[in-house]
Structures are given as structure tokens and as C-alpha cells.
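Atoms within each ligand, like the ligands themselves, are counted from 1 in listed order.
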Amino acid sequence: MQRDHWTSRFGFIMATAGSAVGLGNIWKFPYMAGAHGGGAFLLLYLVCVLGFGLSLVIAELIMGRMTRRNPVGAYRKIAGGAWPAVGALGVCTVVIILSFYCVVAGWTIAYLVYAIDGTLAPARAGGLDALFDSLIGSGIMPLVYAFIFVVATILIVSRGIGGGIERASKLFMPLLIALLVVLAVRALTLPGAVDGLRFFLTPDFAALDGATASAALGQAFFSLSLGIGGLMTYGSYMTAGQHVGRDALAVVLLDTGIAILAGLMIIPAMFAAGMTPAEGGPGTTFKVLPAVFASLPGGHWIAVGFFALLVLAALTSSISMLEPVVAYLVDERRMSRTTAAWSAGILCMVLAVPVSLSFGAWQDITVFGLTLFGLFDTFASNLSMPFGGLMVALVVGWILGPRAIAAIGPEGRTVGRWAGGWLFIVRFIAPIGIAWILIQGLI
Ligand code: TRP
């Protein structure tokens, strides 16, 4: 059977940027930055993304394009031995991520409904906290929304690469960016917002510690969809004529730019709302943004547009989590695409039930001091993804070695001398950096 591939370079960039840009940028990045010292977090985040994140995005895409396989098959083909287990760990991790991602995406759908039916406006101070708490505290509604989201993901993935995934991403990404710019400008001009700007942009060097580094690394990997086979799978649909290095750069710049924009939008709004940045947590976006909407003319429509686009941004990411699992089941287990998508999706829904309850009724059940959501997130972002990135670096840097350089450019064309620097980063900087931060995180 002929393997699917992207229909154009623009489509690939939009789909891969669609994977990278999601709730990680707009929901998670701002509250993580708030919890970990603002500017110090931003600085370490940028160090991780530019220092080795970009290089690893290229490396993971190469593994996919060279082998044209799912993550398990890609590791088997390049490295053999016990390496396919690394791909399998990635596939399992993606399932874990999707099981909490769909819960947060479900809240986004709920807020879209609130925006449409007027529950959100007028946004009263204090009323917003209560609104969010009553949503996540109710047992059933968050799950209904989460299930709707997973079913949408399944339906798109069932349709395959060009038709579903690519088409959706091309349309919505540009709209999202335009709206974020408007909202950031408005948030920055709210009374009290300047303190938030200062907090976000000036690093407090006392906050530059192992915990911040571990959080920043985890966030960088999460946001770049890196280390657990998502990019490998998307890379496996790239065509021979594509320039992996150039296209990866576009994706990484888009992802990082949008995270910073979201920080400029949410953090000043937190200060304006009188919330201390450290106390925000996973509810931050939902608690502070409605006040920003309310302060704008036509705020009702802006709220509707924003939550609609956020749902779509989450969808273009969630499909890139389901796709590696489906690629694995189709390639290795000979399942049909549709059966594979439904099986994996239903597994995520089952796991989503305890995750959703861990925000409400099961809030007090903790393991290592973490709720189930915290446990899933920490395992995925702070352990499995950096570990997977380390493995990509070892496979591409040391097993493929100089051969990998020939795989960066369009087939049969050599790339510039910067590729030597890239290989140096993949071989030395990335493994040492990740290993050091992983150890910091554990102690
Ligand atoms: N990068 C996405 C975000 O920031 C999340 C994501 C999408 C992801 N695909 C992934 C994370 C694959 C890990 C693996 O929202």
C-alpha cells in the first residue's frame, strides 16, 4: 500500500505547527511561567528550545522520514535490539497525555458554550472563579465535553493525512495568531498589567534553580510535541523533496512566538485581576481571560471567537497524539485506520474519567503529593518526553551519526555547513543538557 504523505510544504508546516501549537502554548505555558518565577522560566525555556529543542525536532523528523514508519518501527529499522521499546514508551505516553489533554480541551468547549449563551458575560470579579470551580467540580459535564473532543479527534484521524489533518490546520492557525495579538495588546493596557509584564520579562536570578529548569525543559518538550514519536510520525509522511531543517525552523519559531504571545496576554491579565502568578494553576486561562474580553467592545464575539479557535488549536494537537498510536496499530498490528483510531480513542476516554475527577471529587487523592492529573503530566512532561528526546539524540547523533546530515535537506542535495553544528548539538549538547536537567528534576 502506498503510504500517505503531505500534499504540500505549506500543509506540512501548518499541520506540524498545528501539532506544536495547542493548549501547551495558551493554557499551560502562562501558568507554568507564573508558578516558576516568570522571567527566569522564560529564559530557561528559550535556552531549551533554541539550545537543543530545534535540533531535536529536526532529528526526530529525520527518523520518521528515513524509515517511513511509526515510532516503534522507526526505532527498529534504524537501531534494532531493544530500541523499539523506546518507541513503545512514546506511544504509551501519548495516550496518557491525550487522556488529560482532552479534559482541558473539554473545559474549552464548555467555555465556548458559556460564551455563546451569555453565561460568561458580564464577567464579574470573583464570579469567574466560581464559574470555573463549579464546572470542574461537577462530575458529568466535563466528561461529556471531553468525550465530544475525543470523538472529534477520532473522526479526523480516521480520514487520514491530507484530507483531515492538513486542511483543518491551514485555515485556523492564521486566525488564531491574529486574535492573540489583539488580546495581548488589550491585556497589556489593563490597569496593573505593567507589573505582570515586568514579572514575565525580567528574570529573577534567585529563581534559576533545578526545579525551574526541569519545569522549563518539560514545557519545551511538551510544546514542541517532542520526544515521544509525534514528530517522528509526521516526519514519516514528509516527501523526499522537503527540506527538514528549514521546515522545522518555521514550526519552532511559530510555536515559540505563540507561547510568548500567550504569556503576554495571560500574565498581565493575572496581575490586573489581582491574582498572584504562583496561585493560578490549570484554571488560569479560564479565570482571567473573560475579564479581558469584557473590557473590549464586542467582547461577547471575541470570547466566542477565542474559545472556538482554542478548541481548534487543541484539535490540531490532539490529532497528532492519536496519529502515532494509529500509525503503530496500522503498521505493526495490521488494524484498519478506523478501528485503530476508535480503539486508541476509547482507551483515552476511559483514562480521562479519573483525570477529570481528580480536579473535582477526587481532588484529595494524591500520589507523591500529586493529583492524578499532576502525576500524568509530570510523568509525561518531566520524565518520559525528556527521556525520549535523549534517546532521539543518541540514535541520530551516534547510531546514524554523519549519515543523518545527508537526510536533512531535500533528497540528493547537501545542506550548508551549519549541519556540522547541528550534529554537534545532537551528539553532545542535547544529551548532556537533558541528562543534567533530568537529574536536577529528580533531586
Ligand atoms: N504540543 C502540543 C501543545 O503544546 C501538545 C502535543 C501535541 C503533544 N502533540 C503531541 C505533546 C505529541 C506530546 C506529543 O499543546
Side-chain angles (χ1 to χ4, degrees), residues 14-33 45 48-49 53-54 56-57 60-61 64 70-71 86-87 89-108 149-150 153 156-157 165 168-169 172-173 176 180 216-236 248 251-252 254-263 282 285 309-328 344 348 376-389 391-392:
M14 285 298 119
T16 310
S19 162
V21 176
L23 297 171
N25 306 57
I26 292 160
W27 156 76
K28 197 173 176 203
F29 176 82
Y31 84 74
M32 292 292 285
Y45 178 82
C48 291
V49 169
L54 169 63
L56 291 181
V57 169
E60 195 180 321
L61 288 170
N70 68 91
V86 177
L89 176 68
V91 170
C92 295
T93 305
V94 152
V95 169
I96 289 179
I97 295 181
L98 186 51
S99 71
F100 69 77
Y101 206 82
C102 70
V103 173
V104 180
W107 302 343
T108 312
F149 182 78
V150 178
T153 306
I156 300 178
V157 170
I165 300 183
S169 312
F172 301 124
M173 285 277 299
L176 181 69
L180 284 178
L217 177 77
Q219 176 60 26
F221 273 72
F222 188 85
S223 194
L224 295 172
S225 312
L226 191 61
I228 51 179
L231 291 169
M232 220 175 282
T233 308
Y234 273 26
S236 77
V251 169
V252 170
L254 270 170
D255 185 59
T256 307
I258 291 180
I260 293 175
L261 255 175
T285 308
L309 288 170
L310 192 53
V311 172
L312 293 166
L315 255 183
T316 55
S317 295
S318 65
I319 53 189
S320 79
M321 293 177 213
L322 199 57
E323 183 61 32
V325 191
V326 168
Y328 164 75
C348 292
F376 276 18
D377 183 25
T378 306
F379 167 76
S381 308
N382 295 22
L383 291 175
S384 185
M385 300 183 79
F387 172 79
M391 296 299 115
V392 167

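In terms of protein heavy atoms, atom 12 (C) of ligand 1 is closest to Ser225 CB, 3.7 Å. In terms of protein heavy-atom proximity, atom 3 (C) of ligand 1 is closest to Ala20 O, 3.3 Å. For atom 11 (C) of ligand 1, the nearest non-hydrogen atom of the protein is Phe222 O, 3.7 Å. Of all protein heavy atoms, the one closest to atom 15 (O) of ligand 1 is Tyr101 OH, 2.5 Å. Regarding atom 9 (N) of ligand 1, its nearest protein heavy-atom neighbour is Ser320 OG, 2.8 Å. Considering only non-hydrogen protein atoms, atom 2 (C) of ligand 1 sits nearest to Ser19 O, 3.1 Å.
Short contacts between ligand 1 and Ser317, defined as distances under 4.0 Å to a heavy atom of the residue, involve ligand atoms 2 (C), 7 (C), 9 (N), 15 (O). For ligand 1, the atoms sitting less than 4.0 Å from at least one non-hydrogen atom of Gly24 are 3 (C), 4 (O), 15 (O), numbered in the order shown with element in parentheses. Near Asn25, meaning under 4.0 Å from one of its heavy atoms, ligand 1 places the atoms 4 (O). Residue Met321 has at least one heavy-atom neighbour below 4.0 Å for each of these atoms of ligand 1: 5 (C), 6 (C), 7 (C), 8 (C), 9 (N), 10 (C), 12 (C). In the vicinity of Ile228, heavy-atom distances shorter than 4.0 Å reach the ligand 1 atoms 13 (C), 14 (C). Those atoms of ligand 1 with a heavy atom of Ser223 less than 4.0 angstrom away are 1 (N), 4 (O). With ligand atoms numbered from 1 in the order given, ligand 1 contributes 13 (C) to contacts under 4.0 Å with heavy atoms of Ile97.
A donor-acceptor pair shorter than 3.5 Å can be found between the side chains of Asp377 and Ser381.
Taking each heavy atom of Ser317 and Ser320 in turn, the nearest pair found is O-OG, 2.7 Å. Of all heavy-atom pairs spanning Cys348 and Ser99, the tightest one is O-CB, 3.7 Å. In terms of heavy-atom proximity, Tyr234 sits nearest to Thr316 at OH-O, 4.4 Å.
Using bins of under 30°, 30° to 60° and over 60° for the plane-to-plane angle, the ring pair Phe222/Tyr101 lands in the tilted bin.
With Pro324 as the fixed residue, the side chain to side chain contact (heavy atoms under 4.5 Å, CB included) test singles out one of Ser236, Ser225, Pro71: Pro71.
The part of Met385 lying near ligand 1 is the side chain, judged by heavy-atom distances below 4.0 Å.
The structure places CG of Leu224 at 12.0 Å from OG1 of Thr16, a figure rounded to the nearest 0.5 Å. In this structure, Glu323 CD and Met232 CE are separated by 14.0 Å, a value rounded to the nearest 0.5 Å.
Within the 4.5 Å cutoff, side-chain heavy atoms of Leu180 are placed close to those of Ile26.
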